[in-house]
Q: 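Structure incoming, see below.
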Amino acid sequence: MTSSELETPPLDTARRLAEHGDLDGAAAILAELADDPDAPDRAQAAVGLAVVLEERGDLEGARAAARTALATGHPEYAAQAACHLGQGFEREGRAEQARAAWQAVLGVGTPAYMPLAHLALARLAGQAGDLDEAEHELRAAARTAVGSGDEPTAAHAAQQLAELLIERGEPGEAAAVLIDALEIAPAGEAPRLRVQLGIAHLELACAEFAAALEEGAGDAGAAPDPGMTALAVELLARTLPLRGRDDDAGRVWTYGLEHEDETLAAEVRLRYHRDT
């Protein structure tokens, strides 16, 4: 061994071996460092060992190494180790173990990793059908991402939150989330957020058109303003397909075309046939 090799830090040697395909050699060096409670690089070595062992197919050994790193409480490498555990458990569909690992990331408290953990917890909650918890975690992901200066992740969390809110029938709240996100989003994220904002506005428009129909029905079956009610029918019926609701659009047309108020029905008929 040359003098330069003797002076090379063990972590660098292990990294070089791993990059050149010598996983066994890298694992041997990293395991020795990870097993030494007094080694200054123990946490980093344990994370590296977890990665190398996973590449070798030793998942249990990799998890043991990750737990060693997590136990050190190191703000950087303990958080990385918990992320490693969470991602691995998710890949295997082990939701409870994954949830515990992501909670451990939050327990370490390193700001840069907290948005990732909240996003993962939101994903797990959504898969379990707990939309309240998913919303809570997405809001936390957006908030912590803003706090750590991670604007792309904040935009990503806001978009997912908006999708959830629209799904839950809260397009107004979704629009508010997206408008706030657009104030800080990187240029590359803005188009996606604007499309989502447009979808929220379409949902809001459908709700307003439907409310106009209800209010314009009249107490005795006759529309007080047939022209305005017919316009609401047309706008609602032509907007619903943009949200994939063709059947609902058909029912709206039928409501107008077969309305007992002949004046309203005639107005709707004209609008229905305007493109034919």
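Computed from a predicted structure; not experimentally measured.
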Q: Kindly say whether Ala141 contributes a backbone atom to a donor-acceptor pair with the side chain of Thr144 at under 3.5 angstrom?
A: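 Yes, the answer is positive, given that a donor and an acceptor are paired below the 3.5 Å cut-off.
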Q: Is any side-chain heavy atom of Leu197 closer than 4.5 Å to a side-chain heavy atom of Leu193?
A: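 The answer is no; the side chains never approach within 4.5 Å.
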Q: Would Leu30 and Val47 satisfy side-chain contact (heavy atoms from CB on, under 4.5 Å), going step by step from the backbone distance to the final call?
A: CA-CA 9 Å; Leu30 293 169; Val47 170; over 6 Å; no
Q: Do Val233 and Leu236 land in one hydrophobic cluster if side-chain heavy atoms of ILVMFWY residues count as linked below 4.5 Å?
A: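 Yes, because Val233 and Leu236 connect within a single hydrophobic cluster, where side-chain heavy atoms sit under 4.5 Å apart.
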Q: Do Leu59 and Glu92 have side-chain heavy atoms sitting under 4.5 Å apart?
A: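 In contact.
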Q: Can you check salt bridge (charged side-chain N to carboxylate O under 4.0 Å, His left out) on Arg63 and Glu54, steps first, answer last?
A: CA-CA 8 Å; Arg63 285 174 183 146; Glu54 185 173 73; over 6 Å; no
Q: Mind checking whether Leu165 and Pro171 have side chains closer than 4.5 Å, heavy atoms only?
A: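 No. Closest side-chain heavy atoms not under 4.5 Å.
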Q: State plainly whether the residues Arg194 and Glu189 are in salt-bridge range, i.e. N to O under 4.0 Å.
A: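 No, Arg194 and Glu189 are not salt-bridged.
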Q: Do Leu161 and Leu204 share a hydrophobic cluster, counting only Ile, Leu, Val, Met, Phe, Trp and Tyr and linking them when any side-chain heavy atoms are less than 4.5 Å apart?
A: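 The answer is no; the residues belong to distinct hydrophobic clusters.
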Q: Is there a salt bridge (charged side-chain N to carboxylate O under 4.0 Å, His left out) between Arg67 and Glu60 once you walk through the steps?
A: CA-CA 11 Å; Arg67 291 188 180 100; Glu60 289 308 313; 5.1 Å; no
Q: Is Arg42 reaching over with its side chain to a backbone N or O of Ala34, donor-acceptor style, under 3.5 angstrom?
A: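 Side chain of Arg42 to backbone of Ala34: a pair is present.
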Q: For Ala158 and Val177, which heavy atoms make the closest approach, and how far apart are they?
A: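 Closest approach of Ala158 to Val177: O-CG1, 3.8 Å.
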Q: Kindly indicate, with the supporting measurements, whether the criterion side-chain contact (heavy atoms from CB on, under 4.5 Å) is fulfilled by Arg192 and Gln196.
A: CA-CA 6 Å; Arg192 191 183 304 273; Gln196 196 70 25; over 6 Å; no
Q: Quick check: is Leu202 connected to Phe209 through a chain of hydrophobic side chains (ILVMFWY, heavy atoms under 4.5 Å apart)?
A: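 Different clusters.
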Q: Taking Thr68 for its side chain and Ala64 for its backbone only, find out whether a donor-acceptor pair lies under 3.5 Å.
A: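 Yes, the answer is positive, given that a donor and an acceptor are paired below the 3.5 Å cut-off.
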Q: Would you compute the distance between atom CZ of Arg269 and atom CD of Glu267 and round it to the nearest 0.5 angstrom?
A: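 Interatomic distance, Arg269 CZ to Glu267 CD, rounded to 0.5 Å: 10.0 Å.
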Q: So, for His84 and Ala66, which heavy atoms are closest and what is the spacing to 0.1 Å?
A: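 Minimum heavy-atom separation between His84 and Ala66: CD2-CB, 4.2 Å.
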Q: According to a hydrophobic-cluster definition based on side-chain heavy atoms being under 4.5 Å apart (Ile, Leu, Val, Met, Phe, Trp, Tyr only), do Leu257 and Met228 belong together?
A: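 Per the 4.5 Å side-chain linkage, Leu257 and Met228 are co-clustered.
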Q: Is it the case that the side chain of Thr153 and the backbone of Asp150 share a donor-acceptor pair, with hydrogens and angles ignored and the cut-off at 3.5 Å?
A: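 Such a contact is absent between Thr153 side chain and Asp150 backbone.
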Q: Would a 4.5 Å heavy-atom cut-off, applied to side chains only, mark Val268 and Arg271 as touching?
A: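 No. Closest side-chain heavy atoms not under 4.5 Å.
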Q: Could you tell me whether the side chain of Trp102 reaches within less than 4.5 Å of the side chain of Leu119, counting heavy atoms only?
A: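 The answer is no, as the side chains (C-beta and beyond) never meet within the 4.5 Å cut-off.
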Q: Mind running salt bridge (charged side-chain N to carboxylate O under 4.0 Å, His left out) on Arg16 and Glu19 for me, showing each step along the way?
A: CA-CA 5 Å; Arg16 187 175 66 251; Glu19 289 172 350; over 6 Å; no
Q: For the atom pair CG (Leu264) and CD (Glu258), what is the distance rounded to the nearest 0.5 Å?
A: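 That separation rounds to 12.0 Å.
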Q: Enumerate the side chain to side chain donor-acceptor pair (under 3.5 Å) contacts for residues 109-132, please, sequence neighbours excluded, ordered by first and then second residue.
A: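 Only Glu76-Tyr113, Gln80-Tyr113, Glu90-Arg123, His118-Glu137, Asp132-Arg168 qualify under side chain to side chain donor-acceptor pair (under 3.5 Å).
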Q: If we only count heavy atoms from C-beta on, is the Gln160 to Leu164 side-chain gap below 4.5 Å?
A: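 No, side chains not in contact.
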Q: May I ask you to decide whether Glu173 forms a salt bridge with Arg139, counting only side-chain N to carboxylate O separations under 4.0 Å?
A: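 Yes, this pair counts.
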Q: Aromatic rings His259 and Tyr255: how do their planes relate, parallel, tilted or perpendicular, breaks at 30° and 60°?
A: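 Ring orientation, 0 to 90° scale: perpendicular.
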Q: Looking only at non-hydrogen atoms, find the nearest pair between Ala27 and Leu49 and report the distance.
A: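 Result for this residue pair: O-CD1, 3.7 Å.
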Q: Go through the steps to decide whether Asp24 and Arg56 satisfy the test salt bridge (charged side-chain N to carboxylate O under 4.0 Å, His left out), and finish with yes or no.
A: CA-CA 9 Å; Asp24 291 341; Arg56 287 173 54 185; 3.4 Å; yes
Q: Between Arg243 and Ile166, is a side-chain contact (heavy atoms from CB on, under 4.5 Å) present by the stated rule, with each step listed?
A: CA-CA 11 Å; Arg243 298 295 297 128; Ile166 290 172; 4.0 Å; yes
Q: Is there side-chain contact between Leu240 and Cys206, with heavy atoms separated by less than 4.5 Å?
A: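 Yes, side chains in contact.
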Q: Using the side-chain contact (heavy atoms from CB on, under 4.5 Å) criterion, which residues pair with Val146? Sequence neighbours excluded.
A: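 Partners of Val146 by the side-chain contact (heavy atoms from CB on, under 4.5 Å) criterion, ordered by chain and then number, come out as Ala154, Ile184.
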Q: Same cluster or not: are Leu33 and Val52 linked, directly or through other Ile, Leu, Val, Met, Phe, Trp or Tyr residues, by side-chain heavy atoms under 4.5 angstrom apart?
A: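 In one cluster with Leu33: Val52, yes.
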Q: With side chains defined as the heavy atoms from C-beta onward, is the minimum distance between Leu213 and Val252 less than 4.5 Å?
A: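 Touching, per the 4.5 Å side-chain cut-off.
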